[in-house]
S.K.: 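I'd like to ask some things about the structure below.
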Amino acid sequence: MSIAVTVWNEGIHDRENEETQGIYPDGIGAALAACFPAPDFTTRVVELDDPDHGLTDDVLAATDVLVWWGHAAHDAVADDIADRVVRAVHDGMGYIALHSSHHAKPFMRLLGTDCDEKFRVDDERQRIWVADPGHPIANGLPEAIVLEDSEMYGEPHNVPHPEATVFISWFEGGEVFRSGCCWRRQRGRIFYFSPGHETYPIFHHEHVAQILANAAAWARPVEGAVDVTYRHAPDRPESGG
Ligand code: ZN
């Protein structure tokens with residue numbers, strides 16, 4: 001069965017930044033959706049300005065993996081919608097946070113830290129090293145991917161220690177960054193991928209598309225225990241079993 005991906009695109013740079021429009025004439029959301037080809041994936045794109053930011057209960061219930069690209073308007077996301085996304089992740093929905101979405105409300109609430117880092121927009125070469133070649137998100141990739149121009153994100157990154165660090169980036173200016181990291185929160189799997197500044201064609205890069213597709217396949221809900229009792233358990237399990 002195909003994996004249902006919902007791309008959440010903030011949609012502001014697509015409207016207001018001519019450089020972004022030149023790189024992504026159909027919008028960043030459409031470029032991201034193209035990273036998840038049929039028949040393995042079905043995609044939909046929703047935006048900040050949609051009712052409920054496009055994240056109604058029905059949409060989230062029909063979503064296996066939510067991909068989030070936001071930058072200029074994190075505070076415009078309503079608290080109750082952010083909490084709705086967090087609950088969906090806790091219930092098993094996968095969540096892929098891209099680039100500056102480390103400062104989006106759902107990601108910060110899921111991780112519990114301020115997620116700050118160093119940054120510099122100066123057209124720097126970035127070499128994304130595969131740090132965990134056995135991880136499914138690295139499937140089919142070369143040992144390193146070079147982006148000729150990118151925004152520098154540098155350590156330290158104030159996130160909880162990841163369960164897996166799949167990619168580490170080196171930058172021309174000398175900094176390094178854990179650019180692809182995994183966490184779990186309750187039943188949900190979370191992947192953060194840092195490349196993707198809006199004035200560079202990073203989401204057109206074939207290996208970046210491969211990373212995102214791999215990440216969605218990894219983050220899709222997994223089956224697990226059912227009928228789990230939290231809090232008060234009124235009856236003792238049968239003894240002797
Ligand atoms: Zn940026």
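Every heavy atom of this structure was used, including side-chain atoms; hydrogens, water molecules and symmetry mates were not. Atoms within each ligand, like the ligands themselves, are counted from 1 in listed order.
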S.K.: So, do Val65 and Phe36 sit near enough that their side-chain heavy atoms are less than 4.5 Å apart?
M.R.: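 Answer no - side chains too far apart.
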S.K.: If we ignore hydrogens and angles and just use 3.5 Å, is the side chain of Gln210 paired with the main-chain N or O of Leu141 as donor and acceptor?
M.R.: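 Side chain of Gln210 to backbone of Leu141: no pair is present.
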S.K.: State, with a plain yes or no, whether a side-chain heavy atom of His135 is found less than 4.5 Å away from one of Asn214.
M.R.: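 In short, these two side chains do not touch, never coming nearer than 4.5 Å.
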S.K.: Is any side-chain heavy atom of His204 less than 4.5 Å from a side-chain heavy atom of Ile23?
M.R.: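 Yes, side chains in contact.
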S.K.: Which protein N, O or S atoms sit under 2.8 Å from the Zn ion (ligand 1)?
M.R.: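 Metal shell, protein only: His99 NE2, Glu151 OE1, His197 ND1.
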S.K.: Kindly state whether the ring of His13 and the ring of Trp69 have centres lying under 6.0 angstrom apart.
M.R.: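 They qualify: ring centres under 6.0 Å apart.
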S.K.: Sequence neighbours excluded, which residues qualify as side chain to side chain contact (heavy atoms under 4.5 Å, CB included) partners of Pro221?
M.R.: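 Pro221 satisfies side chain to side chain contact (heavy atoms under 4.5 Å, CB included) with Asp64 only.
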